[in-house]
Amino acid sequence: MLAMKTSNVHDWLTEHSDYLYRFALARLRDPHLAEDVVQETFMAAIKSPSFAEQSAPRTWLTGILKHKIIDVMRKHMREIVATDLMHEEDASMDEFFDESGHWSEKPLAWDIPHDALEQKQFLIILQQCMDKLPSKLASLFLMRDVHETDNEEICKELNITSTNAWVMLYRARMGMRKCLEIHWLQA
């Protein structure tokens with residue numbers, strides 16, 4: 001295996017930094033975080049003797065970058081405090097339950113035919129409802145309820161506890177339910 005040579009560092013910075021920055025920015029949506037993970041990627045590449053030229057340098061660097069992006073996302077998820085997950089709108093979730101914790105009013109029946117999922121109007125409203133959720137709740141909702149990812153895998157991927165995942169998923173589902181009832185079922 002070859003350690004990264006000083007001449008390679010300059011060449012790789014010139015050739016790949018813009019690509020890596022755009023890659024990171026598309027996933028993190030924060031220019032400062034994107035810059036940081038690209039710098040961390042190059043630092044890891046410089047320190048690593050593992051590049052054996054069995055793949056293209058860009059492929060190898062992108063692999064390192066992907067791991068750095070996942071690390072940033074996991075760190076960000078750990079920093080979220082439960083109170084930060086609730087918006088002022090979410091505070092009104094108590095209106096759905098009575099003092100004993102039971103439904104004060106049963107949820108509307110969702111007798112939506114399977115074909116309705118394919119209707120453009122429903123998909124637009126669904127996306128609008130997803131956009132109203134906090135990004136972390138929307139991501140968790142997509143992973144669990146749309147992509148049907150296993151809870152254990154979600155917890156491992158996001159580095160959160162099972163209890164935290166269920167609480168977040170509950171809030172996401174309640175937010176989606178409330179939004180869809182208002183904008184789709186009552187429309």
What distance separates [X] [atom1] from [Y] [atom2], expressed to the nearest 0.5 Å?
X      : Y      : atom1 : atom2 : result
Glu40  : Leu65  : CD    : CG    : 10.0 Å
Arg177 : Ile182 : CZ    : CD1   : 10.0 Å
Ile64  : Phe42  : CD1   : CZ    : 9.5 Å
Leu28  : Glu35  : CG    : CD    : 11.5 Å
Asp18  : Leu13  : CG    : CG    : 10.5 Å
Ile69  : Leu33  : CD1   : CG    : 10.0 Å

Please name the pair of heavy atoms, one in [X] and one in [Y], separated by the smallest distance, quoted to 0.1 Å.
X      : Y      : result
Lys68  : Ala44  : CE-CB, 4.0 Å
Thr41  : Val37  : OG1-O, 2.7 Å
Asn151 : Ala165 : OD1-CB, 3.6 Å

When hydrophobic residues are tied together by side-chain contacts of less than 4.5 Å, even through go-betweens, does Ile70 share a cluster with Trp60?
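Different clusters.
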Between Trp166 and Leu169, is any pair of side-chain heavy atoms under 4.5 Å apart?
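A side-chain contact exists here, since the closest heavy-atom pair is under 4.5 Å.
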Are the side chains of His183 and Lys132 in touch, meaning some heavy atoms are under 4.5 Å apart?
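The answer is yes, as the side chains (C-beta and beyond) meet within the 4.5 Å cut-off.
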Result block: side-chain N/O donor-acceptor pairs under 3.5 angstrom for residues 138-146, not counting sequence neighbours:
residue, atom, partner, partner atom, Å
Ser139, OG, Ser135, O, 3.0
Arg144, NH1, Thr149, O, 3.2
Asp145, OD1, Arg173, NH2, 2.7
Asp145, OD2, Arg173, NE, 2.8

List for me each residue that meets side-chain contact (heavy atoms from CB on, under 4.5 Å) alongside Thr62, sequence neighbours excluded, and say none if there are none.
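Partners of Thr62 under the side-chain contact (heavy atoms from CB on, under 4.5 Å) test: Tyr19, Leu20, Phe23, Arg58, Lys66.
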Lys156 vs Glu152, test: salt bridge (Lys or Arg N to Asp or Glu O under 4.0 Å). Steps then yes/no.
CA-CA 6 Å; Lys156 184 178 177 182; Glu152 187 176 316; over 6 Å; no
Filter on disulfide bond (SG atoms under 2.5 Å apart), then keep only pairs touching residues 146-176, sequence neighbours left out; what's left?
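Of all non-adjacent pairs touching residues 146-176, none passes disulfide bond (SG atoms under 2.5 Å apart).
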